[in-house]
Amino acid sequence: QKEVEQDPGPLSVPEGAIVSLNCTYSNSAFQYFMWYRQYSRKGPELLMYTYSSGNKEDGRFTAQVDKSSKYISLFIRDSQPSDSATYLCAAIKAAGNKLTFGGGTRVLVKP
Amino acid sequence: GAVVSQHPSWVICKSGTSVKIECRSLDFQATTMFWYRQFPKQSLMLMATSNEGSKATYEQGVEKDKFLINHASLTLSTLTVTSAHPEDSSFYICSARSDRGPTEAFFGQGTRLTVV
């Protein structure tokens, strides 16, 4: 079993819809949870990160972490075609060195 | 976010030759650099972790003599794929992290290597 699991998708939504992405993890030592966006043939770009449980909002993006259920989510409001990309969740321990990635979810926002 | 420059963005080489990929942190000092490999439609696979001035730590199953990593300064790390074979064709991505915290890791643009 992978430490971070993510549905590969693809997830197709119409423009303007809410995109809902999620991951589950198994290692209780993970304290930081990140979401990256990766366009085709590019490196990942950090969207936002959350420490421990809670919510964090940045513009159209909201990240949620529920440590009790080991569940992390990313919501994208008012989705745009430019949001079409692969979204990777990742986790790391507080004093950790290495990120553990989920497999990535491919998102397609149709105009 | 901070800028990490990876070069080249793509390279084609003949079997048996070696290829060097550079990763530079442009506006911060990278105490740790990571090298990943990514196959199509798959996630990033960590190959090795390197700290400036010390030998890289390779993940299980990664041949250290084939994938040579040098982290000679706080702003530069290189990955050399030696005696490349077609099965080494892949997308290689570096990540640089400062000492400000575990979330301060930024990725390069990636290098697409094709071995013919």
Side-chain angles (χ1 to χ4, degrees), chain A residues 2-11 21 23 25 27 29-52 54 56 58 61 63 65 72 84-108, chain B residues 1-11 21 23-25 30-51 54 56-60 62 89-114:
Chain A
K2 294 181 181 179
E3 285 191 293
V4 179
E5 298 271 9
Q6 186 175 5
D7 190 319
L11 179 63
L21 302 165
C23 295
Y25 65 95
N27 193 333
F30 289 145
Q31 291 286 344
Y32 291 90
F33 304 91
M34 282 79 97
W35 284 96
Y36 290 87
R37 178 176 61 196
Q38 186 179 24
Y39 291 113
S40 181
R41 301 185 180 185
K42 299 290 184 183
E45 170 194 9
L46 177 66
L47 286 174
M48 54 198 309
Y49 72 89
T50 309
Y51 174 70
S52 193
K56 191 171 185 178
D58 184 1
F61 299 90
V65 176
I72 55 179
S84 299
T86 295
Y87 290 81
L88 298 149
C89 62
I92 190 170
K93 301 173 187 177
N97 200 28
K98 296 185 286 190
L99 287 168
T100 301
F101 281 93
T105 300
R106 194 157 61 94
V107 172
L108 177 61
Chain B
V3 179
V4 176
S5 176
Q6 188 173 338
H7 177 81
S9 57
W10 62 271
V11 58
I21 302 170
C23 180
R24 294 180 183 271
S25 57
T31 51
T32 307
M33 285 193 173
F34 306 87
W35 287 95
Y36 296 86
R37 184 173 180 175
Q38 188 176 34
F39 292 102
K41 298 185 180 181
Q42 293 189 27
S43 190
L44 285 72
M45 182 190 77
L46 181 65
M47 299 173 66
T49 302
S50 72
N51 294 296
S54 60
T57 302
Y58 290 81
E59 295 297 300
Q60 193 173 11
V62 178
S89 299
S90 191
F91 193 56
Y92 293 88
I93 308 172
C94 72
S95 173
R97 198 180 76 189
S98 70
D99 59 2
R100 293 197 296 180
T103 62
E104 298 294 313
F106 303 94
F107 287 82
Q109 309 96 311
T111 297
R112 181 160 301 282
L113 171 63
T114 301

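Just so we're on the same page: letters track the sequence lines, and every chain starts at 1. These values consider heavy atoms only, across backbone and side chains, with no hydrogens, waters or symmetry-generated copies.
Looking at Q31(A), neither its backbone nor its side chain comes within 4.5 Å of chain B, counting heavy atoms on both sides. Contact of A94(A) with chain B is made through the backbone alone, with heavy-atom distances under 4.5 Å. Only the side chain of Q38(B) comes within less than 4.5 Å of a heavy atom in chain A; its backbone stays farther off. Using a 4.5 Å cut-off between heavy atoms, Y36(A) contacts chain B through its side chain alone, with no backbone atom that close.
Proximity of a side-chain donor or acceptor of S43(B) to a complementary backbone N or O of G102(A) within less than 3.5 Å is detected.
Counted within 6.0 Å of NZ on K93(A), heavy atoms from surrounding residues, nucleotides or ligands total 12 or fewer; the atom is thus considered open. Heavy atoms of other residues, nucleotides or ligands lying less than 6.0 angstrom from OH of Y49(A) number 12 at most.
Side-chain contact between F34(B) and N97(A) is present, with at least one heavy-atom pair separated by less than 4.5 Å. Using a 4.5 Å heavy-atom cutoff, the side chains of K98(A) and T57(B) are not in contact.
Taking 4.5 Å as the heavy-atom cut-off, none of the residues of residues 2-11 of chain A approach chain B.
Between chain B and the options G104(A), P44(A), G103(A), heavy-atom pairs under 4.5 Å are most frequent for P44(A). In terms of non-hydrogen atom pairs under 4.5 Å with chain B, the most contact-rich of R106(A), R41(A), K42(A) is R41(A). Between chain A and the residues R97(B), M45(B), Q42(B), the most heavy-atom pairs under 4.5 angstrom are made by R97(B).
In this structure, OH in Y36(B) is found 4.5 Å from CG in L99(A), a value given to the nearest 0.5 Å.
Qualifying side-chain contact (heavy atoms from CB on, under 4.5 Å) partners for S9(B), counting only residues two or more places apart in sequence or in other chains: none.
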